[in-house]
Chemist: 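Following this message is one structure expressed as structure tokens.
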Amino acid sequence: MSEQLHGLYAITDSHLLTQGRLLPWVDAALAGGARILQYRDKSDDPARRLDEARQLKGLCEYYGATLIINDDLPLAAELGVGLHLGRDDGCLREARAQLGNNAIIGATCHADLMFAEQAQAAGASYIAFGRFFQSVTKPGTPQATPVLLEQARQRFSLPIVAIGGITLHNAPQLIGAGANMLAVVNGLFGAPSAVEVERRARGFTELFQSTF
Ligand SMILES: Cc1ncc(COP(=O)(O)OP(=O)(O)O)c(N)n1
Ligand SMILES: Cc1nc(C(=O)O)sc1CCOP(=O)(O)O
Ligand SMILES: [Mg+2]
């Protein structure tokens with residue numbers, strides 16, 4: 001199993017990380033041990049997105065972490081970093097062809113093992129299931145269960161991400177059910193200070209260390 005695709009997977013949120021918080025909060029998450037960072041910006045400002053993604057790339061390089069861009073293949077291609085695609089975000093095969101064999105490309109599979117089969121066949125580097133718990137960031141996505149995670153673990157050798165409403169409190173059961181990575185927005189970046197973001201990131205990181 002890939003060492004690169006393991007551990008805390010921090011996801012930024014353009015609504016949550018306002019007022020100059022993006023870089024210090026991400027710095028704190030990486031200092032606390034986050035191994036993967038996804039830049040998830042739903043705004044329509046390509047120049048700002050490029051600027052922010054460049055700065056995040058620098059931070060990830062400093063900490064030896066992996067940067068993934070959400071939804072935006074041209075931006076991932078321009079920076080030479082990874083990409084995460086949802087069900088309606090474009091063709092994974094085309095993204096793989098454009099980014100090359102070494103690029104990290106993740107795929108949303110919700111609670112459906114058939115989606116995961118398709119993603120694997122199309123060349124996904126990891127498969128993501130969720131949401132496992134109530135999510136303030138993205139309510140209303142299909143519900144997944146730890147049992148589904150166990151079934152996915154049996155069936156796939158690809159790294160598995162769990163996402164949706166994950167906190168330090170409910171994380172252990174998902175690691176126990178086979179998640180290689182926990183993708184977290186609010187349970188990490190919803191913290192009131194950068195110091196608290198780092199404390200939470202350390203907490204998630206220690207969960208992985210104590211489980212394996
Ligand atoms: C690691 C990870 N898993 C799932 C998602 C959700 O992707 P998607 O369904 O395309 O939703 P948006 O994030 O684009 O709103 C994700 N981003 N990351
Ligand atoms: C972006 C996203 N995708 C989901 C899915 O189920 O596919 S849940 C989700 C939001 C994750 O944020 P939080 O950790 O704040 O719940
Ligand atoms: Mg998407």
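Worth knowing before you read on, the calculation uses all heavy atoms, side chains too, and leaves out hydrogens, waters and symmetry mates. In each ligand, atom 1 is the first atom listed, and ligand 1 is the first ligand listed.
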Chemist: What protein atoms of element N, O or S are positioned under 2.8 Å from the Mg ion (ligand 3)?
Modeler: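 Sorted hits: Asp71 OD1, Asp89 OD2.
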Chemist: Using non-hydrogen atoms of the residue, decide whether Arg40 is closer than 4.0 angstrom to ligand 2.
Modeler: yes
Chemist: Applying side-chain contact (heavy atoms from CB on, under 4.5 Å), name anything that partners Ile163, two or more places apart in sequence or on another chain.
Modeler: Ile11, Ala183
Chemist: Which atoms from ligand 2 have a heavy atom of Gly165 less than 4.0 Å away?
Modeler: 13 (P), 14 (O), 16 (O)
Chemist: Between Lys57 and Leu67, is there a donor-acceptor pair closer than 3.5 Å when you use the side chain of the first and the backbone of the second?
Modeler: no
Chemist: List every atom of ligand 2 that sits less than 4.0 Å from any heavy atom of Thr141, numbering the atoms from 1 in the order shown and giving each element.
Modeler: 5 (C), 6 (O)
Chemist: Show the atoms of ligand 2 that are less than 4.0 angstrom away from any heavy atom in Gly164.
Modeler: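 Heavy-atom distances to Gly164 below 4.0 Å select 8 (S), 16 (O).
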Chemist: Among the heavy atoms of Met181, does any lie under 4.0 Å from an atom of ligand 1?
Modeler: no
Chemist: Given Tyr39, which of Glu52, Arg49, His84, Gln55 fulfils the side chain to side chain donor-acceptor pair (under 3.5 Å) condition?
Modeler: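 Only one of Glu52, Arg49, His84, Gln55 forms a side chain to side chain donor-acceptor pair (under 3.5 Å) with Tyr39, namely Glu52.
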Chemist: Nearest protein heavy atom to atom 17 (N) of ligand 1, by residue and atom, and its distance?
Modeler: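 Answer, as residue, atom name and distance: Gln38 OE1, 3.0 Å.
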Chemist: So is Gly187 in contact with ligand 2, going by heavy-atom distances below 4.0 Å?
Modeler: no
Chemist: Do other residues, nucleotides or ligands put more than 12 heavy atoms under 6.0 Å from Glu150 CD?
Modeler: yes
Chemist: Closer than 4.0 Å to some heavy atom of Asn186 - which atoms of ligand 2 meet that?
Modeler: 13 (P), 14 (O), 15 (O)
Chemist: Less than 4.0 angstrom from a charged side-chain N to a carboxylate O is my criterion; do Lys42 and Asp13 meet it?
Modeler: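 No.
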Chemist: Could you check atom 9 (O) of ligand 1 against the protein and tell me its nearest heavy-atom contact, residue, atom and distance included?
Modeler: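 Nearest protein contact, heavy atoms only, for atom 9 (O) of ligand 1 is Thr108 OG1, 3.5 Å.
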Chemist: Run the side-chain contact (heavy atoms from CB on, under 4.5 Å) test against Ala107 and tell me which residues pass, sequence neighbours left out.
Modeler: Leu92, Ala119, Ala124
Chemist: Answer yes when Glu3 and Arg35 have at least one side-chain N-carboxylate O distance shorter than 4.0 Å, and no when they do not.
Modeler: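 Between Arg35 and Glu3 there is no salt bridge, as every charged N stays at least 4.0 Å from the carboxylate O atoms.
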Chemist: Enumerate the atoms of ligand 2 whose separation from the nearest heavy atom of Gly130 is less than 4.0 angstrom.
Modeler: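 Close to Gly130: 6 (O).
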Chemist: Please write down residue, atom name and distance for the protein heavy atom closest to atom 2 (C) of ligand 1.
Modeler: His84 CE1, 3.3 Å
Chemist: Going by heavy atoms in the side chains, are Phe115 and Thr108 under 4.5 Å from each other?
Modeler: no
Chemist: Report all side-chain donor-acceptor pairs from residues 184-195 shorter than 3.5 Å, counting only partners two or more places apart or in another chain.
Modeler:
unit_1, atom_1, unit_2, atom_2, d
Ser193, OG, Glu196, N, 3.1

Chemist: Checking Gln134 side chain against Gly165 main chain: does a donor-acceptor pair fall under 3.5 Å?
Modeler: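 A pair under 3.5 Å: no.
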